[in-house]
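Some notes on the structure that comes next.
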Number of protein chains: 2
Amino acid sequence: MAEQPVAKARRGRPRQAEVARLAGVSQTTVSLVLSGNKQGIALHPDTRARVLEAARQLGYAPDPAARRLAAARNDLLGVFSFTATFPTDVAHSYYPILVGVEQEAVARGYDLVLFTGSSAAPGRGGGGAAELNRVRLADGCLFLGRHVPADPLRRLVEQGYPAVHIGRRDELEGLAWVGADYAAATAEVVRRLAALGHRRMVLVCESDQALASVDRERGFRAALGEGELARASDAGPGPVVRVADPAAEITASWVRARLAEGVTAFVAEETDTCAAWRALVAAVDAAGLTAPADLSLALLGAPPADLAGRTEPTGFDVPKAELGAAAVRTLTALLTEGGADCSPLVPCAFRSGHTAGPPPPAP
Amino acid sequence: MAEQPVAKARRGRPRQAEVARLAGVSQTTVSLVLSGNKQGIALHPDTRARVLEAARQLGYAPDPAARRLAAARNDLLGVFSFTATFPTDVAHSYYPILVGVEQEAVARGYDLVLFTGSSAAPGRGGGGAAELNRVRLADGCLFLGRHVPADPLRRLVEQGYPAVHIGRRDELEGLAWVGADYAAATAEVVRRLAALGHRRMVLVCESDQALASVDRERGFRAALGEGELARASDAGPGPVVRVADPAAEITASWVRARLAEGVTAFVAEETDTCAAWRALVAAVDAAGLTAPADLSLALLGAPPADLAGRTEPTGFDVPKAELGAAAVRTLTALLTEGGADCSPLVPCAFRSGHTAGPPPPAP
DNA sequence: TTGTAAGCGTTATCAG
DNA sequence: CTGATAACGCTTACAA
């Protein structure tokens with residue numbers, strides 16, 4: 001007696017064939033009706049109606065794997081992050097970006113598949129590759145964070161898989177990406193400070209050499225190079241200070257020394273820890289000074305959550321939701337037209353805040 | 001001139017057949033070697049080595065779509081919420097639950113598909129029904145929030161689709177669910193208050209008749225029924241007050257009136273707005289009283305984000321991440337064994353806080 | 001206007 | 001131990 005074939009998990013899932021039987025048509029017709037009949041093939045309205053009714057009755061939903069295998073598409077967009085997409089440590093979470101991704105994806109009729117790279121065994125060679133390969137189930141994929149292993153990603157891209165990286169990533173030739181325009185936003189902050197009357201300002205960077213950090217420094221230097229700021233910034237030590245241990249190096253006396261040199265504005269960048277900004281605020285406080293009365297402060301990015309209650313820093317906000325939405329737009333452009341030519345840079349919004357004002361009159 | 005068939009994204013990707021040719025074996029053998037040979041079929045080590053080498057050389061990576069199609073499962077867990085999965089209004093977001101869902105899903109080798117109720121063509125059709133059917137794309141699905149339409153959900157479940165509801169949902173026969181054990185947690189709070197010496201306490205409910213609210217009231221009454229609390233709570237007006245407009249009804253004079261009746265502890269439940277708790281805190285404040293010196297306060301749940309800075313309320317926390325993880329466990333049990341018999345109730349952790357203490361000595 | 005049939009890349013079943 | 005061969009559910013020429 002022949003064994004019953006292994007009961008597949010797919011058990012109750014209705015397929016096109018069953019819809020076809022119920023509607024009294026062929027499976028092909030069901031496919032035509034249900035996939036929107038892109039071929040422009042003429043279908044009898046009654047047939048169409050019967051098929052739709054049958055599908056509704058059976059609760060039919062297409063199998064994404066089969067759809068994809070048959071060389072069509074899934075209408076699934078992948079979101080891959082090497083670390084957990086929803087970290088327990090809410091601090092540097094992708095949540096705000098995902099808000100934008102979801103909105104834009106929904107608006108365009110895509111569902112989202114979350115591929116979380118197992119953070120386990122990052123050492124092994126084949127490990128990362130296999131992880132990344134899963135995303136092929138989706139029509140295209142968004143990649144989050146700069147920890148996405150470059151090599152497997154490159155292979156994906158080389159083989160023509162539609163991928164968009166969120167955050168600048170131009171080391172990989174041919175990989176599309178969207179990122180915040182840190183350089184322009186930083187330059188804008190410098191210009192605003194200059195407009196307030198500041199002539200000498202200093203940027204405090206952490207030694208972390210993230211791409212975003214490089215961009216900010218570039219924007220900072222570029223804006224300093226404009227007009228009379230150029231001359232002013234030539235004097236004294238460089239306008240950019242890179243510190244390994246902000247809390248130890250950025251002290252009250254350090255601040256006083258800079259003030260004595262004629263610096264009137266201090267700028268720090270947002271990082272995971274915001275150590276530089278924290279140090280700056282603490283040092284100013286310790287020196288018995290107040291912003292914006294005695295000096296001006298600006299933060300290139302958003303303050304950390306635990307400082308949310310304090311005075312809103314002058315600076316800019318990265319439009320994270322917009323970043324996610326832009327990524328989805330770029331990806332869908334890749335999917336449909338095959339080429340996205342819109343700028344990958346998303347502008348940041350200047351935030352007036354309350355830590356910058358005109359420099360105090362020279363003593 | 002015949003059009004080239006639509007260029008498949010599949011472009012130069014190596015397949016098992018090519019690996020087989022290179023290794024000089026059959027494609028079946030390649031599949032056996034590469035998929036770990038779960039069948040336990042004996043393979044010659046040399047063959048194995050040759051296949052692996054060929055695969056490596058070609059940079060072979062299995063096509064997840066094909067793999068899943070053949071295996072009759074796609075290792076996808078759906079997450080459906082009627083409202084957006086990532087609400088812009090972060091206040092009552094599912095984030096903490098998703099943290100647990102993701103962790104557990106990753107640990108079990110599943111990927112997540114996010115569906116949103118709003119995702120459908122917002123136009124006509126079966127409305128929620130058609131919407132819900134889309135989840136069939138995943139092997140099983142988690143449902144979030146009590147706004148999931150009951151009827152389509154019932155059909156899904158009746159047809160054997162593996163579904164787990166997060167939050168109690170026993171109106172639907174056969175629907176698996178996991179939920180916080182509000183009754184037990186509330187009873188625990190009452191017991192703690194009793195242990196501190198409180199004999200008469202009152203629960204302030206909002207008129208919203210959520211299941212969670214019912215559970216809490218049940219737990220409250222049950223715990224009151226124990227020991228001498230029973231006698232004490234028999235006197236005066238009932239121990240449970242249900243108010244339509246907390247801000248208007250829970251006033252300083254209301255609090256004083258209760259105190260005069262011998263009530264020494266006030267309990268409110270967490271809701272979306274936390275209106276009852278806010279009203280209670282405001283009323284106590286307006287009466288010039290302080291907790292825990294003059295009376296005790298307890299909050300059945302977590303305080304809203306904007307009150308996070310204030311004194312931590314005594315009460316309990318719903319382990320949201322654990323809830324998500326439990327839901328995933330239940331769902332995967334449904335998927336693999338076909339039956340989950342673990343308790344659907346997740347215990348809540350008592351939170352000592354600082355708003356409860358011994359009742360003041362009687363005047 | 002509808003049906004037939006040939007794959008898509010993999011897994012699973014058997015007979016060698 | 002290996003290799004045909006048949007699904008898996010769907011799309012898409014092409015035939016009727």
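Chain naming here is simple, since letters A, B, ... match the order of the sequence lines and numbering starts at 1 in each. For the numbers below, each heavy atom of this structure counts, side chains included, while hydrogens, waters and symmetry mates do not.
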Quick one: ring pair (Phe, Tyr, Trp, His ring centres under 6.0 Å) partners of F143(B), sequence neighbours excluded? F80(B)

Between dT11(D) atom C1' and Q16(A) atom CD, what is the distance in whole Å? 8 Å

Report the distance from atom CZ of R21(A) to atom P of dG9(D), rounded to the nearest whole Å. 12 Å

Heavy atoms from C-beta onward define the side chain here; which of dT11(C), dC8(C), dC1(D) lies closest to that of H44(B)? dC1(D)

Partner residues of E53(B) under the salt bridge (charged side-chain N to carboxylate O under 4.0 Å, His left out) criterion, sequence neighbours left out: R56(B)

Measure the angle between the two terminal helix axes of the helix from dT1(C)-dA16(D) to dG16(C)-dC1(D), five base pairs each, and quote it to 10°. 40°

What's the CG-C1' distance between N74(A) and dC10(D), to the nearest Å? 11 Å

From the list dC8(D), dC10(D), dT2(D), which nucleotide is the closest neighbour of the side chain of L43(B)? dT2(D)

Using a heavy-atom cut-off of under 4.0 Å over every strand shown, decide if T29(A) touches base, sugar-phosphate, or nothing. sugar-phosphate

May I have the distance from D63(B) (atom CG) to dC8(D) (atom C1'), rounded to whole angstrom? 13 Å

Look at the side-chain N and O atoms of S31(B) and state whether any lies under 4.0 Å from the OP1 or OP2 oxygen of dT11(C). yes

Check the distance between dT10(C)'s C1' and R68(B)'s CZ and give it to me in whole angstrom. 13 Å

Quick one: is dT2(C) close enough that its OP1 or OP2 comes under 4.0 Å of any side-chain N or O from T47(A)? yes

Tell me whether the OP1 or OP2 atom of dG3(D) has a side-chain N or O from T28(B) closer than 4.0 Å. no

Pair R15(A) + D63(A): basic N to acidic O under 4.0 Å: no

Does OP1 or OP2 of dT4(C) have a side-chain N or O of Q27(A) closer than 4.0 Å? no

Would you please name every residue forming a side chain to side chain contact (heavy atoms under 4.5 Å, CB included) with D170(A), sequence neighbours left out? R168(A), W177(A)

Presence of salt bridge, R155(A) and E158(A), under 4.0 angstrom: no

Not counting sequence neighbours, which residues clear salt bridge (charged side-chain N to carboxylate O under 4.0 Å, His left out) with R169(A)? List them please. E171(A)

Just jot down the salt bridge (charged side-chain N to carboxylate O under 4.0 Å, His left out) partners of R154(B), sequence neighbours excluded, or say none. D151(B)

By salt bridge (charged side-chain N to carboxylate O under 4.0 Å, His left out), which residues pair with E104(B), not counting sequence neighbours? R108(B), R329(B)

Under 3.5 Å, N/O pairs linking protein and nucleotides 14-16 of chain D:
none

Of the listed dT1(C), dG9(C), dC8(D), the closest approach to the R15(A) side chain comes from dC8(D)

Should R67(A) be listed as having a side-chain N or O under 4.0 Å from OP1 or OP2 of dT11(D)? yes

Rounded to whole Å, CZ of R136(B) lies from P of dG9(D) at a distance of 14 Å

Could you list the residues that satisfy ring pair (Phe, Tyr, Trp, His ring centres under 6.0 Å) with F115(A), not counting sequence neighbours? none

Nearest whole angstrom, please: distance from the C1' of dC8(D) to the CG of D139(B). 14 Å

Step-by-step side chain to side chain contact (heavy atoms under 4.5 Å, CB included) determination, L77(B) to L142(B): CA-CA 7 Å; L77(B) 296 188; L142(B) 260 29; 5.7 Å; no

d(CG, L32(A); C1', dA5(C)) in whole Å: 14 Å

